Structure formats: C-alpha cells, structure tokens
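This is a predicted model, so every value here is computed, not measured.
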Amino acid sequence: MPNKADVKAWKAQLVAQAEQQILKLTDSDQFKKYLNTLAKFHRYSARNIDLIYAQNPQATQVAGFKQWQKAFNRTVNRGAKAIRIAAPIIKKLTPAEQKHLDTTDERAIVGYRYLPVFDVAQTSGEPVLSAKDFVKENLADHQNVTSLYNAFKDYLNQQTDLKVSEVPLATLDGAKGYFQPNTNEIIIGGDEPDNALKLKTLYHEYAHSQLHGLKSAFKDRPRAYQETQAEAVAYVAMQNIGVDTSNYSLGYVATWAKDKAVIHSALSEIQQVSNKVIELSDGLTKQLGLQEAQKEPAHDLKKLSAHDLNKSYQGLQQKIKQATDSQQKSELKTQLNYVHQEISNRTQKQLQDFVRQNPKIKQPVQDEVKQRQL
C-alpha cells in the first residue's frame with residue numbers, strides 16, 4: 001500500500017496533469033474556432049438575457065436577421081417568430097440638456113427600442129460551432145459506479161449539512177444538476193442513464209458547495225472561475241477512482257476558462273477541495289470493497305510469484321515505451337513504481353534472511369549498502 005507521501009504526491013500530480021491538459025486543449029485549433037464563433041455573437045446585458053429566456057427558454061445562440069446572413073451564412077426560416085431585445089436610443093445632448101441632466105457627457109440614453117433576433121434553431125445554412133460540438137460527452141463506456149454515487153449521496157445527506165435530492169432531467173433545462181447556495185442543496189438529474197456522469201455531476205456540485213457557498217472565501221468569484229474550479233475538482237475526483245472523463249470535463253473547463261490566467265488561478269485554489277473529495281471517495285470505496293479494484297494495480301502484488309512479478313514489471317516498461325498519451329504514461333509509471341517497490345522489498349527481505357541464516361559471512365558497512373542501492 002502507498003504511504004502518506006505517495007498519496008500526497010498522487011493528489012498533487014492529478015491536479016497538475018489536469019492543468020497541463022486544459023492548457024494543451026486551449027491551444028487546439030478546434031478551441032480557437034470555437035472562440036472565433038463566440039466573438040461573432042454580441043454580448044447581451046442581464047436585462048436582455050432575461051428577455052430572451054422569457055420568450056424562448058431553449059434559445060442558445062441568437063443574432064439579428066442580417067447578422068445570421070453575413071457572419072454565419074445562414075438564413076432565418078420562413079415564419080420564425082422573432083425574440084425581442086432592448087436596444088438603447090442614444091441622443092447627442094445640447095448644452096441646455098447637459099445642464100438640465102447635470103452631466104458633461106455629450107451623449108445619453110433617452111429611451112429603448114425593441115429589436116428582433118432569432119435563435120440558431122430558427123435558421124438554416126452552414127453549421128455553427130457550439131459548445132456541444134466542442135465539448136463531447138463520451139461517457140457511454142464508463143464502468144458502473146452506482147454504488148459509489150449512492151454512498152457519496154447518502155454520506156452528504158447524513159453526515160453534512162448539505163441536502164442532495166434528485167429530479168427528472170427534463171426539469172433542469174438541459175443541465176445535469178445544480179447547487180443552490182441559499183438552501184445549501186444539491187439537485188441531480190436522477191434519470192441520467194450514465195452512472196459515471198451522475199457521479200461526476202455530484203462531485204461538480206459538491207465542489208460548488210465547498211468553494212462557492214454563502215460562507216466560502218471564493219463565493220464572489222466570476223462564473224468562469226467557479227465553473228472551471230468545480231469541473232476541475234470533478235475531473236480530478238473521477239481520475240482518482242480510475243474513470244476518465246477528460247473528453248467531457250477538460251473541454252467543459254476550457255470553454256469557461258478562455259483566459260489562461262483564469263486556468264492557473266482557478267486550479268491553484270482547488271487543491272484543498274480536491275484532497276477532501278479524494279479522501280471521502282477513498283473512504284467510501286474502501287467501505288464498499290472497491291478500493292483495491294480501482295486504486296491499486298490490477299492484481300495484489302504480494303500474491304504474485306517472483307516470476308509473475310518480474311513479468312509484470314517488464315510488461316509495464318513496454319507499455320510505457322509504447323504510450324503516446326502523457327497522462328496514460330504517468331499512470332503506468334505509478335503502477336511501475338508499486339511493482340518496483342514490491343521487488344525491492346522482497347530483495348531486501350531475502351538478503352536479511354540470508355544474513356540471518358549465515359551469520360559468519362561478513363556484512364558490508366551501512367554506507368556501502370546505501371551506495372549499492374543508489
């Protein structure tokens with residue numbers, strides 16, 4: 001079993017790997033295309049976002065009639081009902097009006113007019129790159145983690161002041177779950193068919209509760225920081241139990257953390273929560289009898305014969321040489337270290353047994369032993 005120092009190094013390594021993979025992803029051509037697409041859409045005020053949602057809750061990307069044609073090479077479908085947003089009417093002020101309004105500004109908003117925009121679903125033409133195209137949910141082949149999800153949910157309900165409940169996905173407007181700070185409640189889409197995605201969502205919302213709750217030091221962080229942190233914690237927690245969610249999680253983080261400074265700052269603050277989640281998960285997996293199957297190498301090293309142990313060592317060395325993914329290579333090296341440690345322990349024990357059985361043989365001084373081990 002790994003010691004405390006190994007566990008600490010493992011946790012730090014998971015966070016560091018997450019940061020490097022996200023930074024690598026944000027340098028990809030696909031991500032740059034995604035950002036270029038976002039840049040073509042106007043930024044809307046909170047008032048207009050509310051107006052859009054009130055008229056069409058399913059709207060995801062909106063633009064004016066001509067903008068769809070010029071910027072995206074798409075046309076608005078015949079008979080499509082426009083969404084109205086507020087546009088300010090700006091007037092140049094006369095000296096008398098400036099005096100009356102007690103301002104030195106040359107221009108001022110004197111009213112609003114309502115302009116028509118249309119959602120992408122109301123248009124036809126060339127494809128528009130969206131977050132769903134960039135962030136691929138590819139979790140169908142993940143192992144069943146229902147027992148860990150249920151255990152973590154029960155722990156939060158019974159051992160903390162958080163309340164975790166489930167609702168149908170159809171009521172969440174496309175989300176998988178959310179955290180409500182005012183009531184300290186986590187809501188999860190209970191009918192999500194992918195159990196790994198349900199667990200990852202629970203980790204994500206739990207991270208929000210710890211990092212962005214009403215009493216948290218980071219509660220006022222911008223949304224980009226909050227989502228980057230929560231999903232990074234979820235990714236690290238899933239990696240810790242051996243479930244890779246990088247296809248979804250890292251893309252999700254990169255979508256929010258468009259500025260690399262945000263990535264660095266956000267991830268530097270998740271270490272504490274990541275450690276807490278990992279410790280909770282490790283305790284629960286141990287109780288459920290899943291610890292050795294998910295955290296240790298595929299077999300119990302102590303039960304292997306010397307021949308099989310050496311064969312495992314050689315096999316891992318070969319896999320490391322063939323591995324092209326840096327994360328996979330790092331995980332293989334961790335397994336190799338466990339095997340190497342077991343071989344080293346057995347060798348030391350054999351030497352000690354040999355010395356006890358042959359007391360007349362002169363033993364090397366301690367310094368010589370150390371030099372031979374280096």
Report task. For the pair Lys163 and Thr183, evaluate side chain to side chain contact (heavy atoms under 4.5 Å, CB included) and give the outcome as yes or no after the intermediate values. Result -> CA-CA 8 Å; Lys163 180 182 178 183; Thr183 59; over 6 Å; no
Query raised in the report: With sequence neighbours excluded, what pairs up with Tyr203 under the ring pair (Phe, Tyr, Trp, His ring centres under 6.0 Å) test?
Result: Phe152
Would you check if the side chain of [X] reaches a backbone N or O of [Y] as a donor-acceptor pair within less than 3.5 Å?
X	Y	answer
Asn184	Asp161	yes
Trp68	Phe118	yes
Glu166	Asp191	no
Lys198	Gly190	yes
Asp194	Leu197	yes
Gln61	Ala121	no

Transitive ILVMFWY side-chain link [X] to [Y], under 4.5 Å:
X	Y	result
Val164	Tyr155	yes
Ile187	Tyr149	no
Leu169	Val167	yes
Tyr178	Tyr206	no
Leu202	Phe179	yes

Query raised in the report: So Leu162 and Gln210, side chain to side chain contact (heavy atoms under 4.5 Å, CB included) or not? Walk me through it.
Result: CA-CA 10 Å; Leu162 283 164; Gln210 300 302 293; 4.1 Å; yes
Point-to-point distance, once rounded to the nearest 0.5 Å, from [atom1] of [X] to [atom2] of [Y]:
X	Y	atom1	atom2	result
Gln229	Leu211	CD	CG	5.0 Å
Glu97	Asp102	CD	CG	14.0 Å
Thr94	Lys99	OG1	NZ	11.5 Å
Lys176	Thr201	NZ	OG1	7.0 Å
Glu185	Gln180	CD	CD	8.0 Å
Asn195	Thr146	CG	OG1	3.0 Å

Requested in this report: Inspect the surroundings of CD in Glu106 and state if more than 12 heavy atoms from other residues, nucleotides or ligands are less than 6.0 Å away.
Outcome: no
**Report entry** Heavy atoms from other residues, nucleotides or ligands near NZ of Lys219 exceed 12 (cutoff 6.0 Å)
**Finding:** yes
Please table the atom pairs, donor to acceptor, closer than 3.5 Å between any side-chain atom in residues 75-87 and protein atoms at least two apart or in another chain.
from, atom 1, to, atom 2, distance (Å)
Asn77, OD1, Ser124, OG, 2.6
Asn77, ND2, Gln122, O, 3.1

Query raised in the report: Does a donor on one side chain sit under 3.5 Å from an acceptor on the other, for His204 and Glu227?
Result: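 Checked: His204/Glu227 side chains pair up, N/O donor to acceptor below 3.5 Å.
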Query raised in the report: Is there a side-chain contact between Val120 and Arg74 (heavy atoms, below 4.5 Å)?
Result: yes
**Report entry** Residue list, salt bridge (charged side-chain N to carboxylate O under 4.0 Å, His left out) with Arg113, at least two apart or on another chain
**Finding:** none
